[in-house]
Amino acid sequence: MRKRVFAFLLSLCLLAGILPTGRAVELEVPAPSVVLMDAATGQVLYEKDSHARLRPASVTKIMTLLLVMEALDRGQLSWDDTITASQNAVAKGGSQVYLEEGEQMSMDEMLKSVVVSSANDCATALAEAVAGSEPVFVQRMNERAAELGMNDTHFVNCTGLDDAPEAEEHLTTAYDIALMSRELLKHDAIRKYTAIWMDTVRGGKFGLSNTNKLVRFYNGTTGLKTGFTQAAGHCLSATAERDGMELIAVVLHCASSADRFESAKTLLDYGFATYALAMPEPPSELGQVQVKLGEEPVIFPVLRETEPVLLEKRLQSSLVTEIELEETVTAPVEKGQRLGSLTVRAGDQVVASIPIVAPERVERLSWWQLTAKILRNACLGM
């Protein structure tokens with residue numbers, strides 16, 4: 001048997017709206033392929049041809065940086081490492097810090113050069129430090145893309161340079177870029193670099209200027225990566241945070257740099273004006289569940305970890321919670337065993353469904369404990 005309890009979550013009215021309804025929205029964005037994604041939930045807030053397979057130019061380096069950060073996390077690389085430039089790294093064209101073969105640069109400066117100035121030579125040197133060679137690293141890029149669900153992506157290099165014949169197969173989508181951007185943002189250490197406007201390396205002798213102009217001119221910008229080649233056009237994965245909500249706006253194949261930044265700003269403005277994040281808060285007590293044949297007669301359940309909920313501001317409806325809880329369970333009860341659920345609704349829409357679980361294990365009474373309990377109850381009844 002289950003029991004239900006209803007309660008108004010007026011305390012959740014942090015912006016008291018409801019989930020995105022999928023209503024048709026027409027935004028004036030010059031970019032031909034775009035997506036706007038909430039970084040916390042991964043929910044798509046707006047898209048236009050977001051699954052069109054296009055060349056990403058240097059936005060490719062988001063995956064390169066992700067693999068480097070993951071190598072640092074697992075201890076394969078160290079923040080104290082110095083990276084040596086190979087002949088292959090030095091030979092890269094496009095944006096670079098003009099490494100010389102055999103030149104050594106700290107991990108910190110290598111990462112800074114890639115993030116801020118999109119240095120192809122540093123990106124290649126880092127790739128070789130992770131995998132031994134760029135081809136092996138590219139294989140890992142594609143494997144990681146598959147793991148992230150980037151189903152329309154295929155990388156052929158770690159930089160996004162597309163002047164070689166095989167680069168015709170170097171393709172991804174706005175949606176896939178948002179996925180890898182979201183994953184990279186989970187690494188707090190990368191944020192040390194993504195919002196830098198201007199800096200230097202080599203002891204102040206070489207200046208860096210961020211190719212992402214939103215870093216200086218858009219409030220709340222947290223990153224992330226630009227790209228440009230003649231074939232790819234002007235590309236950008238832009239991230240920004242306001243009031244605890246971080247958004248990812250990806251725009252591809254823009255005709256100009258101005259179109260790229262205006263498209264991203266339009267998407268971000270729309271997202272911040274329309275949505276907000278909330279953390280569902282249950283009533284102070286979830287109730288109790290009777291435990292049959294348990295060493296403890298009742299158990300006081302708790303919520304499993306909650307995730308933030310994306311709310312749409314424009315619909316000023318009160319949110320309601322529904323608690324559905326088992327009245328009784330039979331021991332043994334495992335720690336974390338599901339005993340019910342808390343559902344947050346706005347009208348007919350489910351905003352969140354959170355499992356209610358046992359906070360600890362409850363052992364089953366042994367035969368001797370059960371006999372003693374029966375005899376004790378019998379004596380009390382005499």
Side-chain angles (χ1 to χ4, degrees), residues 20 25-52 54-63 65-66 95 114-118 150 153 160 172-185 190-191 193-198 209-229 232-277 310:
V25 177
E26 289 300 329
L27 298 179
E28 301 238 348
V29 287
S33 177
V34 308
V35 70
L36 177 67
M37 179 180 288
D38 171 53
T41 65
Q43 186 160 348
V44 173
L45 308 182
Y46 182 85
E47 59 185 331
K48 180 177 74 171
D49 290 334
S50 65
H51 295 281
L54 299 167
R55 299 189 188 194
S58 282
V59 178
T60 297
K61 297 188 182 82
I62 293 173
M63 180 59 79
L65 292 166
L66 175 60
S95 301
V114 175
V115 176
V116 179
S117 288
S118 197
M150 298 169 59
T153 293
T172 186
T173 68
Y175 177 78
D176 284 1
I177 289 171
L179 292 180
M180 67 177 178
S181 299
R182 184 181 180 222
E183 195 68 19
L184 180 59
L185 289 172
I190 201 67
R191 296 173 183 269
Y193 308 102
T194 55
I196 292 174
W197 173 236
M198 299 186 77
S209 178
N210 203 320
T211 52
N212 180 9
K213 306 310 177 187
L214 297 185
V215 167
R216 183 174 183 183
F217 298 110
Y218 189 82
N219 178 35
T221 296
T222 55
L224 191 59
K225 191 72 197 72
T226 60
F228 170 75
T229 66
H234 296 266
C235 306
L236 172 65
S237 178
T239 61
E241 183 175 9
R242 293 181 189 174
D243 298 323
M245 180 174 70
E246 189 165 29
L247 300 179
I248 302 166
V250 180
V251 299
L252 296 181
H253 208 62
C254 294
S256 69
S257 183
D259 283 353
R260 162 175 65 184
F261 294 122
E262 284 304 312
S263 295
K265 286 195 293 183
T266 298
L267 292 169
L268 293 170
D269 285 346
Y270 165 73
F272 288 126
T274 309
Y275 300 100
L277 279 181
L310 190 67

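- Across all non-hydrogen atoms, the minimal contact from L214 to A264 is CD1-CB, 4.0 Å.
- With rounding to the nearest 0.5 Å, the separation of CE in M198 from CG in N210 is 10.0 Å.
- Proximity of L277 to L310: side-chain heavy atoms (C-beta onward) are separated by under 4.5 Å at one or more points.
- By the 4.5 Å heavy-atom criterion applied to side chains, I62 and I177 are counted as neighbours.
- Closest approach of A232 and T229 over heavy atoms only: N-OG1, 2.9 Å.
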Query raised in the report: Yes or no on side chain to side chain contact (heavy atoms under 4.5 Å, CB included) for V250 and V59, after CA distance, side-chain angles and deciding distance?
Result: CA-CA 10 Å; V250 180; V59 178; 5.8 Å; no

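- Of the possible polar contacts, one joining the T194 side chain to the T222 backbone as a donor-acceptor pair under 3.5 Å is found.
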Query raised in the report: Yes or no on side chain to side chain contact (heavy atoms under 4.5 Å, CB included) for L179 and M37, after CA distance, side-chain angles and deciding distance?
Result: CA-CA 9 Å; L179 292 180; M37 179 180 288; 4.0 Å; yes

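- Ring orientation note: the planes of Y218 and F272 are close to parallel, at an angle under 30° on the 30°/60° scale.
- Scored by the salt bridge (Lys or Arg N to Asp or Glu O under 4.0 Å) test, R260 finds no partners at all (sequence neighbours excluded).
- At least one donor-acceptor pair under 3.5 Å links the side chain of S263 to the backbone N or O of A31.
- Separation of atoms CG (L236) and OG (S58) is listed at 12.0 Å; rounding is to 0.5 Å.
- Nearest heavy atoms, A174 versus L252: N-CD1, 3.4 Å.
- Remark: side-chain polar atoms of S33 are paired, donor with acceptor, to backbone N or O of D49 under 3.5 angstrom.
- Partners of K265 by salt bridge (Lys or Arg N to Asp or Glu O under 4.0 Å), not counting sequence neighbours, listed by chain and number: E262.
- To the nearest 0.5 Å, atom CH2 of residue W197 and atom NZ of residue K213 are 4.0 Å apart.
- Put simply, OH on Y46 and CG on L268 are 13.5 Å apart, with the number rounded to the nearest 0.5 Å.
- Closest approach of S181 and I248 over heavy atoms only: CB-CG2, 4.0 Å.
- Summarising the geometry of K225 relative to T211, their closest heavy-atom pair is NZ-OG1, 4.4 Å, with the distance given to 0.1 Å.
- With hydrogens and angles disregarded, no donor-acceptor distance shorter than 3.5 Å links the side chain of S118 to the backbone of S95.
- Within the 3.5 Å criterion, the main-chain N or O of N219 finds a donor-acceptor partner in the side chain of R242.
- For the salt bridge (Lys or Arg N to Asp or Glu O under 4.0 Å) test, residues two or more places apart in sequence or in another chain that qualify with R191 are D188, E246.
- Here CG of L224 is found 5.5 Å from CG of L185. Values are rounded to the nearest 0.5 Å.
- With sequence neighbours left out, F228 forms a ring pair (Phe, Tyr, Trp, His ring centres under 6.0 Å) with H234.
- Checked against ring pair (Phe, Tyr, Trp, His ring centres under 6.0 Å), H253 has no partners two or more places apart in sequence or in another chain.
- How far CD1 of I196 is from CG of N212: 12.5 Å, rounded to the nearest 0.5 Å.
- Between M63 and the options L66, L65, T60, a side chain to side chain contact (heavy atoms under 4.5 Å, CB included) holds for only L66.
- Between V34 and L27, the closest side-chain pair of non-hydrogen atoms is not below 4.5 Å.
- Residue pairs meeting the salt bridge (Lys or Arg N to Asp or Glu O under 4.0 Å) criterion with at least one partner in residues 27-40, sequence neighbours excluded, are absent.
- For K48 (side chain) and V29 (main-chain N/O), a donor-acceptor pair under 3.5 Å exists by modelled atom type.
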